[in-house]
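Each remark here refers to the structure printed beneath this line.
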Number of protein chains: 2
Amino acid sequence: MKAQALHGHLDALLLAVLEQGALHGYAIIEALRARSGGTLDLPTGTIYPALRRLERAGYVASSWSTVNGRERRTYQLTEAGGRALAGERAGWREFSATVGRFLGPGEPPGAPA
Amino acid sequence: MKAQALHGHLDALLLAVLEQGALHGYAIIEALRARSGGTLDLPTGTIYPALRRLERAGYVASSWSTVNGRERRTYQLTEAGGRALAGERAGWREFSATVGRFLGPGEPPGAPA
DNA sequence: CTTCATGTGTAGCAAGACTACTTGTCTGCC
DNA sequence: GGCAGACAAGTAGTCTTGCTACACATGAAG
């Protein structure tokens, strides 16, 4: 899948992943890949700037910790982030319903109604 | 809904609308608005360039006709466009399934399964 | 010691949709 | 007749956002 299609939904995805617990950037990438069955394999150059956007917006907070001598920046969902996530969920539902109305919600071409 | 979220899916939408019959640009906008229940209200500056993209790609063909002294450019789905639409449908299904896995497919928070 | 996985990060590019504007006809109203 | 507003198409420039490619650092494995 071309991740380009994410456009505008990436933030929601990141918030959703962090909802289940704080993670550091690298782990977020792996979580996305795992939970999507390998479909979402996002490069670091996509994740880190996005995380910073979210932090600037106040939706996540980050804290440094040193693990095995390696600096890790762990991101955590804030309250505002939780509210934003709820909004994003609603937005996604509306969006997918709208587009689904045109492209078919899930019926593959060949499956009878 | 911010149509910005469409990013990358607009083409599929246009093809889907044209699948049901040839239309001119203005009518396409109205069709989108009508079928989406008013959610999709796209400006001409979004539609016309998109239509030209699709025409350059060979997915739609256009022909001029004069109706009531007004020039109308009617767009029609080509065979390649039909194939592209099928691909877009598949892509949309995968995309919405993937994102839905994170944001919830459609169940509003509160509605039991 | 070299290579690879882990881990974070930046700079510059490209795609796609938006805003704002332009042009022109036809219809309806005053 | 003149003016407003719907109809109809289109362009230019901007902005957001994700991508590619790169750089840097440590620990483990060979």
Side-chain angles (χ1 to χ4, degrees), chain A residues 1-15 22-34 36 39-57 59-60 62-75 88 91 95 98-99, chain B residues 1-15 22-34 36 39-57 59-60 62-75 84 88 91-92 95 98-99:
Chain A
M1 185 176 82
K2 20 174 207 183
Q4 187 82 41
L6 283 180
H7 221 93
H9 304 291
L10 175 62
D11 292 5
L13 249 36
L14 293 177
L15 293 177
L23 290 174
H24 60 281
Y26 200 89
I28 291 175
I29 295 175
E30 294 189 318
L32 284 168
R33 188 168 41 215
S36 70
T39 309
L40 280 175
D41 196 3
L42 304 182
T44 66
T46 294
I47 298 299
Y48 290 114
L51 251 9
R52 315 202 110 218
R53 257 204 315 271
L54 292 175
E55 188 168 26
R56 255 202 320 271
Y59 295 158
V60 302
S62 68
S63 56
W64 285 99
S65 55
T66 306
V67 178
N68 290 346
R70 258 185 233 121
E71 298 289 291
R72 275 187 185 175
R73 190 174 194 165
T74 302
Y75 292 90
E88 295 278 7
F95 172 71
T98 302
V99 178
Chain B
M1 184 176 82
K2 18 174 212 182
Q4 186 84 41
L6 284 178
H7 222 95
H9 304 291
L10 175 61
D11 293 4
L13 249 34
L14 294 178
L15 293 177
L23 289 175
H24 60 281
Y26 200 89
I28 291 175
I29 295 175
E30 294 190 318
L32 285 168
R33 188 168 41 215
S36 70
T39 310
L40 280 175
D41 196 2
L42 305 181
T44 65
T46 294
I47 298 298
Y48 290 115
L51 250 9
R52 315 203 108 218
R53 254 205 319 270
L54 292 175
E55 186 169 25
R56 258 204 314 275
Y59 295 158
V60 303
S62 69
S63 56
W64 284 98
S65 56
T66 306
V67 178
N68 289 346
R70 263 188 228 115
E71 299 287 291
R72 275 187 184 173
R73 189 174 195 164
T74 303
Y75 293 89
E88 295 279 5
W92 165 253
F95 172 72
T98 300
V99 179

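Throughout, protein chains are lettered first and strands after them, A, B, ... in sequence-line order, and every chain is numbered starting at 1. Just so it is clear, the model here is predicted, and its values are computed rather than measured.
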Nearest to the side chain of B:Tyr26, heavy atoms from C-beta on, is which of D:dC19, D:dC7, C:dC18?
D:dC7

Closest nucleotide among C:dG9, D:dG10, D:dT11 to the B:Pro49 side chain:
D:dT11

Touch check for B:Gly45, heavy atoms < 4.0 angstrom, all strands: base, sugar-phosphate only, or nothing?
base

Which of C:dG9, D:dT11, D:dC7 is nearest the side chain of B:Glu30? It is D:dC7

Looking only at side-chain atoms of B:Arg72, point me to the closest of C:dA17, D:dA8, D:dG18.
D:dA8

Of the listed nucleotides (C:dA15, C:dG9, C:dC18), which one gets closest to any side-chain atom of A:Trp64?
C:dG9

Relative to the ring of B:Trp92, is the ring of A:Phe95 parallel (under 30°), tilted (30 to 60°) or perpendicular (over 60°)?
perpendicular

Atom NE2 of B:His24 and atom CD of B:Glu30: how far apart are they, to the nearest 0.5 Å?
7.0 Å

Hey, is the side chain of B:Arg53 poking within less than 4.0 Å of OP1 or OP2 on C:dA17, counting only N and O atoms?
yes

Between CG on residue B:Leu6 and CG on residue B:Asp11, distance to nearest 0.5 Å
10.0 Å

Base, sugar-phosphate, or nothing for A:Arg70, non-hydrogen atoms under 4.0 angstrom?
base

Quick note, B:Pro43 side chain, CB onward, closest among D:dC19, D:dG10, C:dC18 is C:dC18

Phosphate OP1/OP2 of D:dA8 contacted by B:His24 side-chain N/O (<4.0 Å):
yes

Upstream residue (5' side of DNA chain C) when B:Asp11 and A:Thr74 are each assigned their closest nucleotide
A:Thr74

It should be established whether A:Tyr48 places a side-chain nitrogen or oxygen under 4.0 Å from OP1 or OP2 of nucleotide C:dG9.
no

Taking only the side-chain nitrogens and oxygens of A:Arg73, find out if one of them lies under 4.0 Å from OP1 or OP2 of C:dG9.
yes

Would one find more than 12 heavy atoms of other residues, nucleotides or ligands at under 6.0 Å from atom OH of B:Tyr59?
no

